[in-house]
Amino acid sequence: MATTDTTACILCSRNCGLSVEIDDHRFTKIKGDKAHPFSQGYICQKAARLEHYQNHDDRLTSPMQRQPDGSFKAVSWDDALDDIAQRLIRIRDQHGGDAFAFAGGGGQGNPLGGAYSQQIRSFMKSRYGYNSLGQEKTGDFWLNGRLFGNQQCHTTEDVEHADYVLFIGTNPFQAHGIPNARDTLKHIKKDPERTMVVVDPRLTETAKMADIHLQLRPGGDAWLMSAMLAIIVRDNLHDREFLAQHCEGFEQVEAVLRSIPIADYAAQADVPLATLEQVAHGYATAKRACLRIDLGIQQTLNTTLNGYLEKLLYLITGNFGVPGGNNLHTFFLPVIGDSDERNPKYKRTAHHGMFPIAGIYPPNILPDEILHPGEDRIRAVFVDSANPVMTWTNTAAYEKAFSSLELLVVVDVAMTETARLAHYVLPAASQFEKWEATGFNLEFPDNGFHLRHPLFPPREGTLPEPEIYTRLLEKLGAIPTRFPTLERLAKLEPSGTAYLGFLSAFAATLASHKQWMPYAASILYRTLGKALPDNAAATIPLLPLAIIYAQKHYKAVKRAGHKGNRLTLGANLFKAILAGRSGITLSQHRFEDLWGFIAHKDGRIHLAIPEMIEELRNLTPPNTTEHYPFILMAGERRSYNANQIYRDPAWRKVDPHGAMRMHPDDANALSLSHGERARCRSEHGEIEVVIEVDDSVRTGMVTLPHGYGNRFKGSAPVGPELNRLTGSAHCDPLSRTPYHKHVPVMIEALTDTAAASA
Ligand SMILES: Nc1nc2c(c(=O)[nH]1)N[C@H]1C(S)=C(S)[C@@H](COP(=O)(O)OP(=O)(O)OC[C@H]3O[C@@H](n4cnc5c(=O)[nH]c(N)nc54)[C@H](O)[C@@H]3O)O[C@H]1N2
Ligand SMILES: Nc1nc2c(c(=O)[nH]1)N[C@H]1C(S)=C(S)[C@@H](COP(=O)(O)OP(=O)(O)OC[C@H]3O[C@@H](n4cnc5c(=O)[nH]c(N)nc54)[C@H](O)[C@@H]3O)O[C@H]1N2
Ligand code: SF4
Ligand SMILES: [Mo]
């Protein structure tokens with residue numbers, strides 16, 4: 001019999017609330033949940049297809065062990081975990097903890113497992129955590145560290161309340177990333193008092209709705225943004241009062257901005273100077289102006305510098321810390337850390353000498369760190385909630401590196417391309433079969449959190465990550481299987497003050513058994529977690545987080561309607577999280593609170609970053625090569641891609657091939673027509689593509705979508721395996737994030753004979 005329930009979408013960082021109808025392990029209807037405090041009923045077309053994630057033919061139902069001939073054999077959980085534990089211990093004892101790396105640890109909708117999986121890295125005493133944020137956002141985190149004093153000072157944008165919105169390198173109509181994107185865009189478009197500007201080399205769905213579209217040369221952003229900044233200071237449009245009150249180091253920034261040859265830079269970006277001046281003036285003088293960026297500047301030339309210029313735009317115009325501007329926000333789940341590389345405590349990698357940013361190492365260097373011949377190479381990797389062979393730079397390098405490991409374990413719901421290389425594949429329960437959460441709570445002044453309860457029991461043979469990692473810790477001998485005293489205390493009714501009694505006993509236990517400290521999540525899960533209603537043990541790490549959050553943001557949590565005093569508010573917040581089936585508002589801040597989030601001791605924003613000023617002074621246009629005459633934007637967001645979360649190609653209603661967009665003039669010059677196949681080659685590899693003639697792109701550039709290329713049920717790749725074209729060294733010199741939006745390629749028609757031999 002069909003029942004209705006609530007959950008959230010797991011396909012992008014918005015995690016819109018869903019109201020679903022389910023019947024016998026299946027979704028029968030999916031719509032927006034009006035009771036969700038942030039999405040309020042909004043969803044996009046991708047969410048309606050979630051049945052293709054929940055039930056498909058690549059889902060795993062047993063731990064799998066790879067055999068010498070490459071096939072997989074189903075084994076029991078005990079056998080798999082026993083052998084993995086023994087191998088981990090051997091590798092650690094022989095080669096030290098840094099022979100181990102963890103890769104992934106949470107996708108768009110499953111951060112809760114990360115609280116448990118990271119304990120394995122602690123057991124191994126490894127510093128190496130690689131994840132997808134290290135191939136897009138670490139440049140941004142590094143800048144936040146310098147500007148605001150801590151890499152966890154993360155910014156957000158109040159697009160909904162802005163009069164003037166500047167989108168640079170992002171296509172929210174398809175990629176979302178802002179609240180209720182399509183509705184928000186429609187409101188701005190309809191309102192004659194509000195202005196939308198899009199900076200994008202393609203006439204995107206968002207650009208079509210804009211008042212002004214600056215269709216710049218791919219990779220031209222550093223020139224475009226620095227020219228805009230130069231116009232602003234030249235014309236005295238910077239906010240002197242804001243700068244004096246909140247910022248340090250403007251003079252050094254001003255000096256370099258005043259030296260910028262504005263007209264030359266506009267020409268280098270290939271945008272009309274008059275329009276650029278109009279936008280610089282419009283943005284700097286608007287009452288409420290907001291800037292939103294994404295991969296278009298984070299995965300193109302000069303990534304970190306782009307981020308710096310973007311941040312300078314809102315900082316020197318004072319569009320920061322105000323409604324309708326850019327803001328700092330609180331984190332409930334600490335999804336990122338802080339690791340300032342000037343502190344020697346944050347060690348560099350063995351081969352590349354690369355430091356972590358926000359605690360994350362960049363995936364671009366991982367294959368080299370595995371393959372280099374040194375004694376200190378990485379020999380064992382755990383992959384969880386990621387598919388690096390498909391999504392991280394240079395598929396061939398990943399295949400080679402992962403195939404050479406002494407131990408590769410993949411924890412996933414599906415048999416992925418990465419899993420096929422693993423010694424062991426461990427089947428996780430799906431994100432609708434266990435307690436999970438939304439991790440990207442990046443809102444300000446109100447922030448929220450959505451704990452999702454299971455809609456279905458775990459599929460036979462699968463386990464949720466908290467159970468997988470806790471069992472592994474037990475096999476490793478890191479923790480005992482029973483905690484008699486704590487178990488006895490955990491029988492208490494979980495009220496605000498009862499938690500406190502347990503937690504003080506827990507603290508005393510850890511104080512007398514210091515070796516257990518890194519495993520607090522699993523110990524709580526096995527003890528106090530069991531006292532929670534509805535089998536919610538896995539959610540227990542949220543209790544200490546709620547207590548910390550309530551202490552830090554006491555007034556804001558109370559303003560959001562949560563009751564309690566200094567001792568009980570945190571536990572009550574946790575209870576509200578457990579009970580709030582559509583998600584809850586955690587906190588309501590005042591705009592003036594934001595200044596307290598800045599971590600520099602002087603409470604000010606430090607604008608002058610020497611590395612960035614140096615890079616800006618030495619900005620030089622990229623070399624072009626005649627061998628690779630096109631710039632490929634490798635990884636566009638479209639209506640039917642969603643990272644690698646959907647594997648069954650049947651989920652797509654359009655664009656089955658993930659076609660290559662090419663301007664009609666280029667298609668004519670290559671004698672290619674719509675629907676024809678072609679070969680696309682880079683310095684690193686080649687793939688076959690299907691051409692879509694489309695005048696939304698500039699001449700000389702082509703685009704391919706992200707999220708294709710899977711071998712569903714062991715088939716040939718469906719759509720472009722685009723990371724066969726990308727190279728590890730083509731990246732930002734500071735953060736090592738890849739230049740995926742700027743891959744030089746050549747394209748040629750595929751004749752029938754060439755196609756047959758390929
Ligand atoms: N449909 C869909 N939505 C998604 C995802 C998905 O797979 N599918 N993935 C999610 C994830 S993980 C992320 S990180 C976000 C990413 O979200 P976005 O960054 O918004 O998406 P992209 O399409 O990758 O790139 C944005 C835009 O950058 C433009 N661009 C390319 N080169 C340049 C350049 O040199 N300069 C400028 N200014 N612009 C350039 C492209 O034309 C494109 O329109 O999307 C999220 N949402
Ligand atoms: N060339 C190019 N490459 C790109 C991009 C690009 O634009 N161009 N975009 C990049 C970006 S921004 C991102 S964020 C990455 C995304 O790439 P990845 O970080 O690899 O993440 P996903 O594609 O989200 O893959 C999620 C994996 O988690 C599995 N999974 C789903 N639910 C669960 C669960 O409950 N538990 C476990 N253990 N596993 C689960 C899925 O089956 C899937 O294999 O790709 C990057 N790669
Ligand atoms: S894909 Fe993103 S925007 Fe679309 S419904 Fe899911 S969470 Fe919302
Ligand atoms: Mo991403």
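All ligand and atom numbering here is 1-based and tracks the order in the structure. Values in this document were obtained by computation on a predicted structure and should not be read as measured data.
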Asks: What part of Gln108, side chain, backbone, both or neither, has a heavy atom within less than 4.0 angstrom of ligand 1?
Replies: side chain
Asks: Among Arg292, Gln215, Arg637, which one puts a heavy atom closest to atom 22 (P) of ligand 1?
Replies: Arg637
Asks: Within 45° of the axis and under 6.0 Å from the centre of the six-membered ring of Tyr708, does NZ or CZ of Arg638 qualify?
Replies: no
Asks: Does ligand 1 have a heavy atom under 4.0 Å from the side chain of Ala642, from its backbone, from both, or from neither?
Replies: backbone
Asks: Closest by any non-hydrogen atom to atom 25 (O) of ligand 1: pick that one out of Gln298, Lys741, His740.
Replies: Lys741
Asks: Is the contact between Thr204 and ligand 1 made by the side chain, the backbone, both, or neither, using heavy atoms and a 4.0 Å cut-off?
Replies: side chain
Asks: Give the ring-plane orientation class for His730 versus Tyr739, where under 30° counts as parallel, over 60° as perpendicular and anything between as tilted.
Replies: perpendicular
Asks: When you look for heavy atoms under 4.0 Å from ligand 1, do you find them on the side chain of His706, its backbone, both, or neither?
Replies: side chain
Asks: Could you list the atoms of ligand 3 found under 4.0 angstrom from a heavy atom of His176?
Replies: 3 (S)
Asks: Side-chain donor-acceptor pair under 3.5 Å between Asn144 and Lys311, yes or no?
Replies: yes
Asks: Over all heavy atoms of both residues, which pair between Arg182 and Tyr42 is shortest? Give the atoms and the distance, please.
Replies: N-OH, 3.1 Å
Asks: Go through the steps for His329 and Phe331 under the test ring pair (Phe, Tyr, Trp, His ring centres under 6.0 Å), then give the verdict.
Replies: CA-CA 7 Å; His329 65 84; Phe331 273 117; 4.9 Å; yes
Asks: For atom 4 (Fe) of ligand 3, which protein heavy atom lies nearest, and how many Å away is it?
Replies: Cys44 SG, 2.3 Å
Asks: Can a donor-acceptor pair be found between the side chains of Ser385 and Asn110 at a distance below 3.5 Å?
Replies: yes
Asks: Using a 4.0 Å heavy-atom cut-off, say whether Ile10 meets ligand 3 through its side chain, its backbone, both or neither.
Replies: neither
Asks: Tell me whether atom 2 (Fe) of ligand 3 has Cys12 as a neighbour, meaning an N, O or S atom of it below 2.8 Å.
Replies: yes
Asks: Please report the shortest heavy-atom distance between Asp270 and Arg698, naming the atom on each side.
Replies: OD2-NH2, 2.7 Å
Asks: My understanding is that we take every heavy atom of each candidate and find the minimum distance to atom 43 (C) of ligand 1. Doing that for Thr206, Asp294, Asp200, which one comes out nearest?
Replies: Asp200
Asks: Would you kindly say whether Ser132 and Trp392 are connected by a side-chain donor-acceptor distance under 3.5 Å?
Replies: yes
Asks: Before signing off on this row, confirm whether Val199 and ligand 1 have an N or O atom pair separated by under 3.5 Å.
Replies: yes
Asks: Is Arg14 close enough and on-axis enough to Phe440, meaning under 6.0 Å and within 45°, for cation-pi?
Replies: no
Asks: Just to verify, which of Glu310, Glu157, Glu160 counts as forming a salt bridge (Lys or Arg N to Asp or Glu O under 4.0 Å) with Arg292?
Replies: Glu157
Asks: Among all the protein's non-hydrogen atoms, which is closest to atom 8 (Fe) of ligand 3, and how far away is it?
Replies: Cys16 SG, 2.3 Å
Asks: Run down the list Ala175, Pro218, Gly169 and name the one with the heavy atom closest to atom 26 (C) of ligand 1.
Replies: Gly169
Asks: Taking 4.0 angstrom as the limit and counting only heavy atoms of Cys9, give me the atoms of ligand 3 inside it, by number and element.
Replies: 1 (S), 5 (S), 6 (Fe), 7 (S)
Asks: For Glu136, which part has a heavy atom under 4.0 Å from ligand 1: side chain, backbone, both, or neither?
Replies: side chain
Asks: Below 4.0 Å, non-hydrogen atoms only: which portion of Asp221 touches ligand 1? Side chain, backbone, both or neither.
Replies: side chain
Asks: Do you know which of Ile297, Leu312, Leu305 makes side-chain contact (heavy atoms from CB on, under 4.5 Å) with Met225?
Replies: Ile297
Asks: According to the interplanar angle, ranging from 0 to 90°, do the rings of Phe432 and Phe27 count as parallel (below 30°), tilted (30 to 60°) or perpendicular (above 60°)?
Replies: perpendicular
Asks: Is the contact between Gln174 and ligand 1 made by the side chain, the backbone, both, or neither, using heavy atoms and a 4.0 Å cut-off?
Replies: backbone
Asks: What part of Lys46, side chain from CB on, backbone N/CA/C/O, both or neither, has a heavy atom under 4.0 Å from ligand 1?
Replies: side chain
Asks: Would Tyr361 and Tyr130 count as a ring pair (Phe, Tyr, Trp, His ring centres under 6.0 Å) if you check the C-alpha gap in whole Å, the side-chain angles of each, and the deciding distance to 0.1 Å?
Replies: CA-CA 5 Å; Tyr361 288 91; Tyr130 287 84; 5.7 Å; yes
Asks: Of all the atoms in ligand 3, which lie at a distance below 4.0 Å from a heavy atom belonging to Lys46?
Replies: 1 (S)
Asks: Under 4.0 Å from ligand 1, counting heavy atoms only, is it the side chain of Thr300, its backbone, both or neither?
Replies: side chain
